[in-house]
Amino acid sequence: MENPITEAKKELIQWIKEMDELEDIAELLEIKNRKTSVSHVAESQAEYAVKDDFDERFAKGLTSEESRRRTRKFIESLPWKK
């Protein structure tokens, strides 16, 4: 007994070979491009996840003076009981 996926693929190939409408072929190409672009996106996301940009993020961080200023402002804004 033949694999049902293989049989479906053969049927689709035959149907595409007999296809004459340019619009239908263009639609099939769009589907193909969407399917292949998903794998490309996944690869680039994996590359991004591995990238170590600690130095860049650290350079954009707060200075110690700014951090102290924000901390003082936050502490002063707390509802202290007197």
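Predicted model, so just to flag it, every value in this text is computed and none were measured.
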Give a yes or no on this: more than 12 heavy atoms of other residues, nucleotides or ligands lie within 6.0 Å of atom CD1 of I5. no

Inter-residue atom distance I25.CD1 - E30.CD, 0.5 Å rounding: 13.0 Å

Going from CZ on R57 to CG on D55, what distance comes out if it is rounded to the nearest 0.5 angstrom? 9.5 Å

Please name all residues satisfying ring-ring contact (aromatic ring centres under 6.0 Å, His included) with F74, sequence neighbours left out, ordered by chain then number. none

Residue pairs fulfilling salt bridge (Lys or Arg N to Asp or Glu O under 4.0 Å) with at least one residue in residues 58-79, sequence neighbours excluded: E66-R69, E66-R70

Between W15 and L28, which heavy-atom pair has the shortest distance, and what is it? CZ3-CD1, 4.2 Å

Is the backbone of S67 close enough, under 3.5 Å, to the side chain of T71 for a donor and an acceptor to pair up by distance? yes

Quick test of your reading: applying side-chain hydrogen bond (donor to acceptor under 3.5 Å, both in side chains), list the pairs with at least one residue in residues 18-28, sequence neighbours left out, ordered by first then second residue. Q14-E18

To the nearest 0.5 Å, tell me how far L12 CG sits from E7 CD. 10.5 Å

